[in-house]
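For the single chain, residues carry numbers from 1 onward in sequence order.
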Amino acid sequence: MKIRLIPPLLSPVLLPVLVLLFVLLSGISSAAHAQTKPVPLFLQENLDIHGRQLPIDKDLEKILIYFERESGLRLDWRMLPWNRAQMMGRNGEGIVFGLSKSPERIKYFQFSQPVVSEKIWAITYGEPRQDFRTLEDLRGKTVSIGRGFSHGMDFEKARNVVFTVQEDSASSGARFKKLMNKRSDLMLWPVRQLSTSAQVEDYLNNKLIPGFNDPELKGKRFYVSRKPVFYDTVHFAVAQGQYQEELARLNEVIRRGTESGELPKLMAKFY
């Protein structure tokens, strides 16, 4: 005896309807799954004085949560050496956050609207205090930057033409000690929100450097140029032709957040 789940008279009508319903439901399920699939987001790692990776900055975490909430994207945060993060981004393996433009990068990356603007200051150590106000003041100097860093198009044009660049460790403390030991003439340091030399100098000497808990840096004082030597912008970046929907969503969040003032307010807490 055979059991029929569909009455014979109705089966020619019901079968196509059921098949169509199954296809539609499968498509909806797949679309919903695609929308919630995490997108890798590559961030620059930061190391302590022993070379160990530090946890993500709490203020940066709030910024990323804001972008997730406002864009509807699920972002899989991954802290990596900066060169590796850029290489993986170029290969289309994810989105890079915190990238500035350079002539080389624009060949491979598509950039979002600027998330924030940065002032790039020259940091020095020792007496007599040196002052750098213009690009020409950097001529012939050895300039320390973070490994894999760029500080914008003007910086790239002058790099190894006006001055010599040394790329240093991801450990901020190690970079300050290298400057202190006269292994470079100055260090470039980006600051997003502080607007005057005095504010930046106070932040470095009374907050950032003491936070390293490094005996070699205790009581040492570093100086900041009276004016920024470069200006730069920071972006999300994707490989050309990749992550177009995600980039469009992020651009919309930047636009709305900038207009409302919410994004600049968040960025103001993240030096």
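In this structure, OG1 on Thr124 lies 10.0 Å from CG on Asp185, to the nearest 0.5 angstrom. With rounding to the nearest 0.5 Å, the separation of OG in Ser102 from CE in Met153 is 7.0 Å. Atoms CG and OH, from Asn205 and Tyr223 in turn, are 8.5 Å apart once rounded to the nearest 0.5 Å. Between atom NZ of residue Lys119 and atom CZ of residue Arg192 there is a gap of 11.5 Å, rounded to the nearest 0.5 Å. Distance check: Arg90 CZ to Lys107 NZ gives 9.5 Å after rounding to the nearest 0.5 Å. The distance from atom CD1 of Ile123 to atom OG of Ser225, rounded to the nearest 0.5 Å, is 6.5 Å.
Two residues are said to be in side-chain contact when any heavy atoms from C-beta on lie closer than 4.5 Å; Gln86 and Tyr108 fail this criterion. Between Leu73 and Leu41, every side-chain heavy-atom pair lies at or beyond the 4.5 Å cut-off. When side chains are defined from C-beta on, Phe270 does not count as touching Val116, because their heavy atoms never get closer than 4.5 Å. Side-chain contact check for Arg159 versus Ile145: some heavy-atom pair is nearer than 4.5 Å. Contact annotation: the side chain of Arg105 approaches that of Phe111 to within less than 4.5 Å [non-hydrogen atoms, C-beta and beyond]. Side-chain contact between Ile56 and Met79: present, with at least one pair of heavy atoms (C-beta onward) separated by less than 4.5 Å. Residues Pro228 and Ile120 fail the side-chain proximity criterion, which asks for heavy atoms closer than 4.5 Å. Taking 4.5 Å as the limit, every side-chain heavy atom of Trp121 sits out of range of all side-chain heavy atoms of Glu201.
Between Phe97 and Phe236, the ring planes are tilted. Angles from 30° to 60° get that label. Classified by interplanar angle (parallel below 30°, tilted 30° to 60°, perpendicular above 60°), the ring pair Trp82/Phe149 is perpendicular. In this structure, Phe222 and Phe176 have perpendicular ring planes: the angle between them is above 60°, well past the 30° mark.
In the hydrophobic cluster analysis, where Ile, Leu, Val, Met, Phe, Trp and Tyr join through side-chain heavy atoms closer than 4.5 angstrom, Ile106 is grouped apart from Val234. The same ILVMFWY cluster, assembled from side-chain heavy atoms under 4.5 Å apart, contains both Met267 and Leu43. Val238 and Leu75 fall within the same hydrophobic cluster, defined by Ile, Leu, Val, Met, Phe, Trp and Tyr side-chain heavy atoms under 4.5 Å apart, directly or through other members. In the hydrophobic clustering of ILVMFWY residues, with side-chain heavy atoms under 4.5 Å counting as a link, Leu188 and Tyr125 come out apart. Follow the hydrophobic side-chain contacts under 4.5 Å out from Leu64 and you reach Leu266 in the same cluster.
Nearest heavy atom pair, residue Leu204 against residue Pro210, reads O-CD, 3.9 Å. Across every non-hydrogen atom of Gly173 and Leu217, the tightest pair is O-CD1, 3.9 Å. Across all non-hydrogen atoms, the minimal contact from Asn46 to Ser172 is OD1-OG, 3.7 Å. Closest non-hydrogen pair, Ser260 versus Gly257, comes out as OG-O, 3.2 Å. The two residues Gln166 and Ser184 make their nearest non-hydrogen contact at OE1-CB, 4.1 Å.
Proximity of a side-chain donor or acceptor of Gln240 to a complementary backbone N or O of Phe109 within less than 3.5 Å is detected. Judged purely by atom type and a 3.5 angstrom limit, Ser100 uses its side chain to pair as donor or acceptor with the backbone of Ser150. Not one N or O on the side chain of Glu45 forms a donor-acceptor pair closer than 3.5 Å with the backbone of Gln53. Judged purely by atom type and a 3.5 angstrom limit, His235 uses its side chain to pair as donor or acceptor with the backbone of Ser112. The backbone N or O of Gln113 sits less than 3.5 Å from a side-chain atom of Asn251, completing a donor-acceptor pair. A donor-acceptor pair under 3.5 Å is formed between the side chain of Asp57 and the backbone N or O of Asp59. Of the possible polar contacts, none joining the Glu246 side chain to the Val39 backbone as a donor-acceptor pair under 3.5 Å is found. Panel note: side chain Ser71, backbone Leu250; no donor-acceptor pair is recorded below 3.5 Å. A donor-acceptor distance shorter than 3.5 angstrom exists from the side chain of Gln199 to the backbone of Ser195, with no hydrogens or angles considered. Distance alone, capped at 3.5 Å, is enough to place a donor-acceptor pair between the Asp214 side chain and the Glu216 backbone.
Ion pair Asp131/Arg226 flagged as a salt bridge, since at least one NZ, NE, NH1 or NH2 atom sits closer than 4.0 Å to an Asp/Glu carboxylate oxygen. Classification of Glu252 and Arg249 as a salt-bridged pair fails, no side-chain N sitting under 4.0 Å from a carboxylate O. The pair Arg133-Asp137 fails the salt-bridge criterion, with no side-chain N (NZ, NE, NH1 or NH2) lying under 4.0 Å from an Asp/Glu carboxylate O. Here Arg256 does not pair with Glu259 in a salt bridge; the nearest charged N to carboxylate O distance is not below 4.0 Å.
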Assess the residue pair Met87 and Phe42 against the criterion (side chain to side chain contact (heavy atoms under 4.5 Å, CB included)); give the C-alpha distance rounded to whole Å, side-chain angles, the decisive distance to 0.1 Å, and a yes or no.
CA-CA 10 Å; Met87 179 186 69; Phe42 305 136; over 6 Å; no

Test Leu186 against Val229 for side chain to side chain contact (heavy atoms under 4.5 Å, CB included), laying out the working first.
CA-CA 12 Å; Leu186 66 136; Val229 291; 5.8 Å; no

Where do Asn83 and Arg147 land on the side chain to side chain contact (heavy atoms under 4.5 Å, CB included) test, with the steps shown first?
CA-CA 7 Å; Asn83 279 336; Arg147 187 169 296 131; 3.6 Å; yes

Assess the residue pair Tyr66 and Val253 against the criterion (side chain to side chain contact (heavy atoms under 4.5 Å, CB included)); give the C-alpha distance rounded to whole Å, side-chain angles, the decisive distance to 0.1 Å, and a yes or no.
CA-CA 9 Å; Tyr66 170 79; Val253 174; 3.7 Å; yes

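More than 12 heavy-atom neighbours from other residues, nucleotides or ligands sit within 6.0 angstrom of NZ on Lys182.
Side-chain rings of Phe155 and Phe163 approach one another, their centers coming within less than 6.0 Å.
Exactly one residue among Arg69, Arg255, Lys62 makes a salt bridge (Lys or Arg N to Asp or Glu O under 4.0 Å) with Glu262. That residue is Arg69.
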